[in-house]
Amino acid sequence: ERLIRTITQHIHQSLEVEQILQTTVTEVRQFLQTDRVLIYRFNPDLSGTMVVEAVLPPWVETLGLTVEDTCFLTKPGLAHRYRRGHTHHIDNVAEANIDPCYRALLTRFQVQANLVVPINCGSHLWGLLCAHHCRGPRHWQPKERALLSQLADQMAIALQQSHLLAQTATLAQQEKLFNDIISAISDSLELTDVMQRASHQMLKTLQASRSLVVLCQPNDATSEYTALAAAADITFPRGQVIPIRDNPHVQWVLSQDQPVAIADVTQEPTLAGVQPQLRKLCIGAMLDVAIRYRGIVKGMLCAHQCHASRNWTAAEAQLMKRVADHLAIAIHQAELYTQARSELAERKRLEAQLRYDASHDRLTGLPNRTLFLERLAQALDQLHHHCTNHRSLAVSTLEGAPDHCCDCQFALLFLDLDRFKVINDSLGHAMGDQLLQVVAQRLQTCLRPTDVAARLGGDEFVVLLSNLSDAAVAVSMAQRIHAILESPVLLEGHEVFIHASIGIALSATTYTDPNQVLRDADIAMYKAKGSNREYAIFDAPMHTLVMQQMELENDLCRALERCELRLYYQPIINLATGAAQGFEALVRWQHPRRGLVPPLDFIPIAENTGLIATLDLWTLNEACRQLNDWHQKLPHSHNLTVSVNLSGKQFVRRDLIQQIDAALSRNGLRGHHLKVEITESVLIQNAQMAIDLLKQLRQRHIQICMDDFGTGYSSLSYLHRFPIDVLKIDKSFITNLHRVGPSTGDYEIVKAIISLATNLNLTVVAEGIETVEQAVYLQTHQCQGGQGYYFSRPLSVEEATAFIAQLPLPSPAAKTETACRESTGPTA
Ligand code: C2E
Ligand code: MG
Ligand code: MG
């Protein structure tokens, strides 16, 4: 009872089954006062191993010995009896009637009497508890046999407990493995990290030599170990290549759903071809499983046992399978993540590209207007923030009276290439583009790191010079830009010279908007261009001029409504007879404050603002109305015509003909009473349209005058193409007629124009005749018409009325001529 209590207590106290068994055999040997007590444990193949032993010297030690007990195996009856809990004893081996092989076994261990009780864990015969008496025969008492049986039962309980415990531990370990892998999956989206953690966990759980994950596909030629964990004494074959395509074993593993367990690699036919590699890696046994996601192979999970064979259990295989399934999800997730990441990166790249494109000029790569205005706004903000007390980076600093400047002052350089349009038109747009690129490159070489150059569009560039302490820096930068642009550019064999006009605007706290700075630099640029200077700095007078211009623009809008426009009439004289043929209607603006404003001061504004259409229409109607008025009141005026100037914008209007028809019919006039004056450029720029329109005018007997001839394209070739009636030689040629000797320069040109026009059946009218000499010269050379101060300045309505009144009444012959012209057309 004491013995049973001791051992039972022990079983309750300790969960270490080995220790329990050891204690039991020791206690039992002492209690029985016998020579050897041991526990013999059955192996799966029904051999057995002595797992614990208590033995007295000098009797042989049997611990660790494995016994192939063939005698036992051949007696199924005995095994059956043991399973039912029967004990077996021999009091005297020498006299017992036993199997010779059994006797031999007992003799080998010097046994003279033995007592054997089975240890049954449920229906499983786990092992035997044996007591050996070696010094002589011994009678085993029934009490002793019962005691040992009882102890064997206790041990069976301990064993079962331990087995259950081991099972629970394994389950717990497996769960931990899963949790680790799952947490690795959720912790990290880095696939290498996930796989590395899985390998480590597998290694630990399986107590294998190596555990590894291989990412591969069945048609890959080879793969490298992707993640690998190895036991301390095992080589770590980094960079090792695994043949895949022609590797029957790997192909087998990858084609299977379940793990492939190889207990001994030397016996496995599918591994015959890779034995050298296996030996190199010391692999004795392996357990491999394919990693598949929705049927698609992603790789392999492998475990190696090195230097030994190993019987992989079903539980281990199942564990591998579960881990592989989890890894498959992890790999898929990582793939999705990588895809998402690369999509995100691509989207970011695209966004950056879009942002870049939106803020840069495609041709030159320089910042564009938007970005430049942003930078300019920042510079302006800084100026306002830091330099509220400073007025501006005054030009005075250039003149030796340094202003108190802070370093947040800046200057804006506005560059416009001179004659770029000519280069573009003559060499083509591709070369024009190349030239702009060269300009951009050269500009950038001049700049300091803090400066910004940009292309606003066309041939306009701007440079923002920041942190300026002295306006002189802006000037020297402008000069430097000129110098760097000076060297000619070679464009496909053409040497092209670049010249730019630069306007400079200096920072001032009065600026509230970056566009204002840009505007002023632009104004200064125009000033530089107009005065043929390299650069001009924006100053107050320029500003005043611009303001006046703006004011004029606003006023002009109202001028038409307020009826401030007036027409003046300049007589056109027949040089042969000295008689007046008609008038040219010339517009003036009776400005309430400025007085009479000449057309050259406001026509360009009207053209830029689109007011010109209304203005020209008004002129046309007013001139027709006035001529009709004279026709009604003054018989002297019956043969007179009126010439009306048409701007390019008016000329291309689709309803021009209707407008003219309406003006004539409203005032009871005929087509031959009206002449329209257009310039060369208007015709050239709208050639096809012009021909159609001129034909329609001719049908109505309205004469077409080419105004300012010689100042535009000066190409005589087009005169054939257009149905023109009158050529008006520009006054610039006539003005020069008195300056040099009669045989040179303009004399020749004027003579040539007259002769050419006469050959083409055109009437010639000379503009700007101021002297009698000019009149005589033109008359001598058969110039038919003349206009100029020599005859009369442009006249107000009253003056013109008086002028007409003193004209001789038209002769009957002249009347006939008019009637004839009406029926046959002007050139007949
Ligand atoms: P244009 O059609 O060539 O008109 C002739 C210009 O020469 C007129 O200038 C006239 O005053 C000026 N002129 C005439 N004789 C002499 C002279 O002996 N010496 C000098 N130095 N000049 C002389 P104006 O009136 O200042 O008109 C200038 C230009 O404005 C006109 O040139 C014409 O192109 C344009 N213009 C005038 N009225 C209108 C209009 O109603 N509509 C349009 N679209 N343009 C107009
Ligand atoms: Mg004219
Ligand atoms: Mg003219």
Side-chain angles (χ1 to χ4, degrees), residues 556 559-560 564-573 575 580-590 595-627 641-653 656 659-660 663 674-683 703-712 714 724-739 753 764-775 778 785-796 799-800:
L556 189 60
L560 285 157
E564 289 171 3
L565 295 183
R566 305 276 178 273
L567 279 189
Y568 272 57
Y569 298 89
Q570 186 174 36
I572 301 168
I573 305 298
L575 290 183
Q581 300 174 336
F583 293 99
E584 179 177 359
L586 296 162
V587 72
R588 271 100 184 87
W589 178 8
Q590 188 63 56
L596 206 60
V597 183
L600 291 181
D601 285 5
F602 64 89
I603 295 271
I605 299 175
E607 283 181 332
N608 286 339
T609 52
L611 280 172
I612 192 73
T614 326
L615 189 148
D616 274 355
L617 185 61
W618 177 83
T619 307
L620 172 73
N621 279 310
E622 177 58 18
C624 289
R625 192 203 57 74
Q626 185 59 58
L627 186 65
T641 58
V642 71
S643 304
V644 173
N645 293 285
L646 285 187
S647 86
K649 292 236 171 78
Q650 181 71 355
F651 189 73
V652 295
R653 276 181 73 122
L656 179 65
Q659 286 179 355
I660 291 175
L674 180 68
K675 295 182 181 181
V676 294
E677 297 197 2
I678 44 176
T679 57
E680 292 171 277
S681 55
V682 173
L683 279 190
Q703 289 198 36
I704 299 121
C705 310
M706 167 106 340
D707 206 355
D708 303 343
F709 183 77
T711 57
S714 307
I724 301 161
D725 303 294
V726 181
L727 208 71
K728 293 186 80 173
I729 306 176
D730 188 67
K731 56 179 174 290
S732 57
F733 297 101
I734 310 302
T735 312
N736 289 337
L737 286 185
H738 70 278
R739 290 204 178 144
I753 295 175
V764 187
V765 174
E767 290 182 306
I769 303 173
E770 293 186 353
T771 64
V772 65
E773 291 82 9
Q774 291 164 344
L778 291 161
Q787 189 181 346
Y789 299 165
Y790 172 63
F791 302 109
S792 168
R793 287 184 172 268
L795 305 170
S796 66
E799 290 166 339

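Side-chain atoms are counted along with the backbone in the values below, which use heavy atoms only and exclude waters and symmetry mates. Counting starts at 1 for both ligands and their atoms, in listed order.
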Next on the checklist: Does this structure show an ion pair linking Glu607 with Lys649, if we count only N-O contacts that are shorter than 4.0 Å?
Outcome noted: no
Checklist outcome for this item: Contact region, Pro794 to ligand 1, non-hydrogen atoms below 4.0 Å, reads side chain
Item to check | Heteroatom distance test (Tyr790, ligand 1): nitrogen or oxygen, under 3.5 angstrom | outcome: no
Checklist entry - So which protein heavy atom does atom 31 (C) of ligand 1 come closest to, and at what separation? => result Leu586 CD2, 4.2 Å
Item to check | Heteroatom proximity flag, Thr619 to ligand 1, N/O under 3.5 Å | outcome: yes
Checklist entry - Would you call Gln659 and Gln650 a side-chain contact if the rule is heavy atoms closer than 4.5 Å? => result yes
Next on the checklist: Can you confirm, on distance only, whether ligand 1 has an N/O atom lying under 3.5 Å from any N/O atom belonging to Val587?
Outcome noted: yes
Checklist entry - Quick one: does Val765's side chain get under 4.5 Å of Ile729's, heavy atoms only? => result no
Next on the checklist: Taking Asn645's backbone N and O only, do any of them form a donor-acceptor pair with Asp707's side chain (distance below 3.5 Å, no angle check)?
Outcome noted: no
Item to check | Heteroatom N/O/S of Asp707 within less than 2.8 Å of the Mg ion (ligand 2) | outcome: yes
Item to check | Glu677 N/O/S atom closer than 2.8 Å to the Mg ion (ligand 3) | outcome: no
Checklist entry - Does any N or O in the side chain of Asn621 come within less than 3.5 Å of the main-chain N or O of Leu617, such that one atom is a donor and the other an acceptor? => result yes
Next on the checklist: For atom 9 (O) of ligand 1, is there a protein heavy atom at a distance under 4.0 Å?
Outcome noted: no
Next on the checklist: Among all protein heavy atoms in this structure, tell me which lies nearest to atom 5 (C) of ligand 1, with the distance rounded to 0.1 Å.
Outcome noted: Glu767 OE2, 4.0 Å
Checklist outcome for this item: among protein heavy atoms, the one nearest atom 19 (N) of ligand 1 is Glu770 OE2, 2.5 Å
Checklist entry - Who's the nearest protein heavy-atom neighbour of atom 15 (N) of ligand 1, and how far? => result Gln570 NE2, 2.9 Å
Item to check | Side chains of Leu795 and Tyr568 in contact at under 4.5 Å (non-hydrogen atoms) | outcome: no
Item to check | From Glu607, Lys728, Lys731 - option closest to atom 12 (C) of ligand 1 by heavy atom | outcome: Lys731
Checklist entry - Distance-only, no hydrogens or angles: does the Asp725 side chain make a donor-acceptor pair with backbone N or O of Ile704 under 3.5 Å? => result yes
Checklist entry - With a cut-off of 4.0 Å, which atoms of ligand 1 are near a heavy atom of Gly788? => result 15 (N), 18 (O)
Next on the checklist: Before moving on, can you tell me the angle at the Mg ion (ligand 3) between the OD1 atom of Asp708 and the OE2 atom of Glu767, to the nearest 10 degrees?
Outcome noted: 140°
Item to check | Gln570 side chain vs Ser792 backbone, donor-acceptor pair below 3.5 Å | outcome: yes
Checklist entry - Among Lys731, Lys728, Gln581, which one satisfies side chain to side chain contact (heavy atoms under 4.5 Å, CB included) with Gln787? => result Lys728
Checklist entry - Considering only protein heavy atoms, which is closest to atom 27 (O) of ligand 1, and at what distance to one decimal place? => result Pro599 CG, 3.2 Å
Checklist entry - Do any of the N/O/S atoms of Asp730, backbone or side chain, fall under 2.8 Å from the Mg ion (ligand 3)? => result no
Checklist outcome for this item: At under 4.0 Å between heavy atoms, what of Gln650 touches ligand 1? The answer is neither
Checklist entry - Taking just the N, O or S atoms of Glu584, which one is nearest to the Mg ion (ligand 2)? => result OE2
Checklist entry - Does ligand 1 have a heavy atom under 4.0 Å from the side chain of Asp708, from its backbone, from both, or from neither? => result side chain
Checklist entry - Closer than 2.8 Å to the Mg ion (ligand 2), do we get an N, O or S atom from Asn645, backbone or side chain? => result yes
Checklist entry - Is the backbone of Thr771 close enough, under 3.5 Å, to the side chain of Gln774 for a donor and an acceptor to pair up by distance? => result yes
Item to check | Residue pair Phe651 / Val682: nearest heavy atoms and the distance that separates them | outcome: CD2-CG1, 3.4 Å
